Amino acid sequence: MFVDIIESAKRKNESYDNAQRLTLYEKYSRKDACKLLNWKNDESSTLYGYKTKHHTCPIFVTYHKHDDVEASISYQEAFLNRNVLRWSTRSQRTLASKEVQEIIHAVENNISLHLFVKKDDDEGRDFYYLGEAACEKKSVEEGSMLDKNAKKLPVVHMNLLLENPVERHLYDYLVSGEGDE
């Protein structure tokens, strides 16, 4: 059994691009991302959607939200095509927010944005790594969303331009409303 475990691990490792920290289209948990982006500590428990640290900013998106998800986190992300994701910051953020400015000016600040997406919460804790992205500055706009009491919460919307288009099969799977991979 020990040999089987070692052989299984070797085979699993072959699917990863060992020249890169993260392999396109492979699945990672928040904890995995923290480790592979060389964060000193596991901050996955405080990584709610995104966080900038050590010149990296992993962004985690659950594409399809369940109907019972809290209104203040029911962001409306959507792929515009295989190269562009319309994305929203956390609520209670404006264009003046430090974290929003870091994402908008990531290129100038030498911050790499890493995009991770899962279809829905039924997939568990792992997200597909879709590669590095950049903010399309002309797409940035302040908006709002309603909380459970119908109170408006500020939020910032922007397009994230992917370095690599999402492969067709994965893209179709993520944007479809139902079914398994």
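A quick note: this is a predicted structure, and the numbers were derived from the prediction, not measured. Values below: every heavy atom of this structure, side chains too, minus hydrogens, waters and symmetry copies.
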Which atom names give the shortest non-hydrogen contact between [X] and [Y], and what distance separates them?
| X | Y | result |
| --- | --- | --- |
| A78 | Y63 | CA-OH, 3.4 Å |
| S176 | K119 | OG-NZ, 2.9 Å |
| M145 | S91 | SD-CB, 4.1 Å |
| C135 | L160 | CA-CD2, 4.2 Å |
| E142 | T94 | OE2-CB, 3.4 Å |
| T56 | W39 | OG1-NE1, 2.8 Å |

Can you confirm whether [X] sits close enough to [Y] that some side-chain heavy atom of one is under 4.5 Å from a side-chain heavy atom of the other?
| X | Y | answer |
| --- | --- | --- |
| R82 | Y171 | yes |
| L37 | P58 | yes |
| K152 | L146 | yes |
| V155 | Q92 | no |
| K137 | I104 | yes |
| F79 | L130 | yes |
| E43 | K53 | yes |

Quick one: [atom1] on [X] to [atom2] on [Y], what's the gap to the nearest 0.5 Å?
| X | Y | atom1 | atom2 | answer |
| --- | --- | --- | --- | --- |
| E26 | L36 | CD | CG | 11.5 Å |
| N159 | E136 | CG | CD | 4.5 Å |
| D4 | M1 | CG | CE | 8.5 Å |

Using atom types as modelled and distance alone, determine if a side-chain donor or acceptor of [X] lies under 3.5 Å from a backbone N or O of [Y].
| X | Y | result |
| --- | --- | --- |
| Y28 | T23 | yes |
| H105 | I111 | no |
| R90 | Y50 | yes |
| R93 | V156 | no |
| N149 | K151 | no |
| H157 | E141 | no |
| K118 | G124 | yes |
| S29 | D32 | yes |

Checklist entry - Any chain of hydrophobic side-chain contacts (each under 4.5 Å) joining L95 to W87? => result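 In one cluster with L95: W87, yes.
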Next on the checklist: Let me check something: do V100 and V107 share a hydrophobic cluster, defined by ILVMFWY side-chain heavy atoms less than 4.5 Å apart, either directly or through other members?
Outcome noted: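 No, separate clusters.
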Next on the checklist: Could you list the cluster mates of V84? Members are the ILVMFWY residues connected by side-chain heavy atoms closer than 4.5 Å, either directly or through other members.
Outcome noted: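 V84 shares its hydrophobic cluster with L80, L161.
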Checklist entry - Hey, do the aromatic rings of Y25 and Y128 have their centres closer than 6.0 Å? => result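 Not under 6.0 Å, so no.
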Item to check | side-chain contact (heavy atoms from CB on, under 4.5 Å) assessment of Q101 paired with N109 | outcome: CA-CA 10 Å; Q101 286 298 309; N109 295 324; over 6 Å; no
Item to check | salt bridge (charged side-chain N to carboxylate O under 4.0 Å, His left out) evaluation trace for R86 with E77 | outcome: CA-CA 5 Å; R86 184 70 175 163; E77 283 92 8; over 6 Å; no
Checklist entry - Testing I59, T62, V117 for side chain to side chain contact (heavy atoms under 4.5 Å, CB included) with F127, which one passes? => result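 Of I59, T62, V117, side chain to side chain contact (heavy atoms under 4.5 Å, CB included) with F127 is met by T62 alone.
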Checklist entry - In terms of heavy-atom contacts, does NE2 of H55 have more than 12 from other residues, nucleotides or ligands at under 6.0 Å? => result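 Atom NE2 in H55 is not packed in, count stays at 12 or less.
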Item to check | Test side-chain contact (heavy atoms from CB on, under 4.5 Å) applied to L115 and L85, step by step | outcome: CA-CA 10 Å; L115 184 60; L85 176 75; 3.9 Å; yes
Checklist entry - Do R21 and E132 meet the salt-bridge criterion of a basic N to acidic O distance under 4.0 Å? => result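 Looking at R21 together with E132, the answer is no, because their closest N to O distance does not fall below 4.0 Å.
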Checklist entry - Going through the checks in order, is the side-chain contact (heavy atoms from CB on, under 4.5 Å) test met by K27 and Y129? => result CA-CA 6 Å; K27 290 178 98 174; Y129 177 59; over 6 Å; no
